[in-house]
Amino acid sequence: MGKPTRWATDTGPEHSRWYIDRFRRMAEEGVDLAGEARLLDAMLTPGSRVLDAGCGPGRVGAELHARGHQVVGVDADAELIEAARADHPGPVWLVGDLADLDLAASGEPDPFDAVVVAGNVMTFVAPGTERDVLSRLFAHLRPDGFAVIGFGTERGYPLPDFDADLAAAGFRLEHRFATWDLRPWLPGTDFAVSVLRRPAGAVGEGPAPH
């Protein structure tokens, strides 16, 4: 692992346990937790290979798995991964830092059809690693694969910086929405869901981190 993530440095020692318990309670209460997965599922062909980057306790990846996709989930927090494995058997859940992601070294060499990055993950990565994270996600996608990334735009990662970083990583921005249910994005909106494409002719740096 590289620099500690903001998840580790900016939250208390009990935050991960609180987060796990919160989503378990919401699931028990019947709260709809599948919005991000529904969007991805609508964009995918059956049985697609999906990377749930910053998967937390696994709610998005688990729903995609239930819909028939092959899912690998990665998170830097071992406690969250432990909860994902306990609550949602089926997907592959791995501990890893997105900034130097190398899934081939973890036995997952095949490229992905899509990447989903939900739950404000981009605002919790280590400061200064955002471009590295996007580059590593790009490298794990197949040509013409796509990523869908959602985060609050007032959480310390301004949208212009994100746009510069995604372009530097090689992504092409195709769509932007204000919510995961595709409400229109307007300047000043405090949340952005961006659909990014790895162009079919783009040359990636392969599975190993730079």
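All heavy atoms count here, side chains included; hydrogens, waters and symmetry mates do not. Throughout, numbering of the chain's residues begins at 1 and tracks the sequence. Everything numeric here is computed off the predicted structure, so don't read it as measured data.
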Quick one: which of L39, D52, L51 gives a side chain to side chain contact (heavy atoms under 4.5 Å, CB included) with V116?
-> D52
With a 4.5 Å heavy-atom cut-off, do [X] and [Y] have their side chains touching?
X: V117; Y: V115; result: yes
X: T179; Y: V193; result: no
X: L103; Y: V74; result: yes
X: V60; Y: W180; result: no
X: R24; Y: D87; result: yes
X: V95; Y: D75; result: no
X: L64; Y: L40; result: yes
X: W185; Y: H175; result: no

Can you tell me how far [atom2] of [Y] sits from [atom1] of [X], rounded to the nearest 0.5 angstrom?
X: R198; Y: F171; atom1: CZ; atom2: CZ; answer: 8.5 Å
X: R25; Y: I20; atom1: CZ; atom2: CD1; answer: 11.5 Å
X: F23; Y: L33; atom1: CZ; atom2: CG; answer: 6.5 Å
X: D32; Y: D181; atom1: CG; atom2: CG; answer: 10.0 Å
X: R183; Y: T189; atom1: CZ; atom2: OG1; answer: 12.0 Å
X: D163; Y: S194; atom1: CG; atom2: OG; answer: 6.5 Å

Can you name the one residue among R49, H69, R142 that meets side-chain hydrogen bond (donor to acceptor under 3.5 Å, both in side chains) with D113?
-> R142
Please determine whether residues [X] and [Y] belong to a single hydrophobic cluster, defined as Ile, Leu, Val, Met, Phe, Trp and Tyr linked transitively by side-chain heavy-atom distances below 4.5 Å.
X: W18; Y: L80; answer: yes
X: L101; Y: F112; answer: yes
X: F177; Y: I149; answer: no
X: V72; Y: M43; answer: no
X: V92; Y: V71; answer: no

For side-chain contact (heavy atoms from CB on, under 4.5 Å), just list the numbers for V50 and H65, CA-CA rounded to whole Å, side-chain angles, deciding distance to a tenth of an Å, and then say yes or no.
-> CA-CA 9 Å; V50 184; H65 175 78; over 6 Å; no
Between [X] and [Y], does any side-chain N to carboxylate O distance fall below 4.0 Å?
X: E36; Y: R38; result: no
X: R136; Y: D100; result: no
X: E79; Y: R85; result: no
X: E63; Y: R67; result: yes
X: R17; Y: D21; result: yes

How close do [X] and [Y] get, heavy atom to heavy atom, and via which atoms?
X: S106; Y: L94; result: CB-CD1, 3.9 Å
X: P127; Y: P4; result: CD-O, 4.4 Å
X: L98; Y: G54; result: CD1-N, 3.8 Å
X: A84; Y: W93; result: O-NE1, 3.4 Å
X: G170; Y: P199; result: O-CD, 3.4 Å
X: I81; Y: C55; result: CD1-SG, 3.5 Å

What about F151 and F124, are their ring centers closer than 6.0 Å?
-> no
Test item: R172 side-chain N/O and R197 main-chain N/O as donor-acceptor pair under 3.5 Å = no
For R6 and E130, run salt bridge (Lys or Arg N to Asp or Glu O under 4.0 Å): C-alpha distance rounded to whole Å, both residues' side-chain angles, the deciding distance at 0.1 Å, then the answer.
-> CA-CA 12 Å; R6 290 186 182 93; E130 295 88 354; 3.3 Å; yes
From CA spacing to verdict: side-chain hydrogen bond (donor to acceptor under 3.5 Å, both in side chains), D77, S16 = CA-CA 8 Å; D77 188 314; S16 294; 2.4 Å; yes
Would you sort out whether L44 and F146 count as a side-chain contact (heavy atoms from CB on, under 4.5 Å), showing the intermediate values?
-> CA-CA 10 Å; L44 292 166; F146 67 90; 3.7 Å; yes
What do the steps show when you test V133 against L137 for side-chain contact (heavy atoms from CB on, under 4.5 Å), and what is the final call?
-> CA-CA 6 Å; V133 169; L137 299 181; 4.2 Å; yes
Residues in side-chain hydrogen bond (donor to acceptor under 3.5 Å, both in side chains) with D165, at least two apart?
-> R131, Y157
Hey, mind stepping through K3 and T129 against side-chain contact (heavy atoms from CB on, under 4.5 Å) and telling me if it holds?
-> CA-CA 9 Å; K3 296 191 291 184; T129 67; 3.8 Å; yes
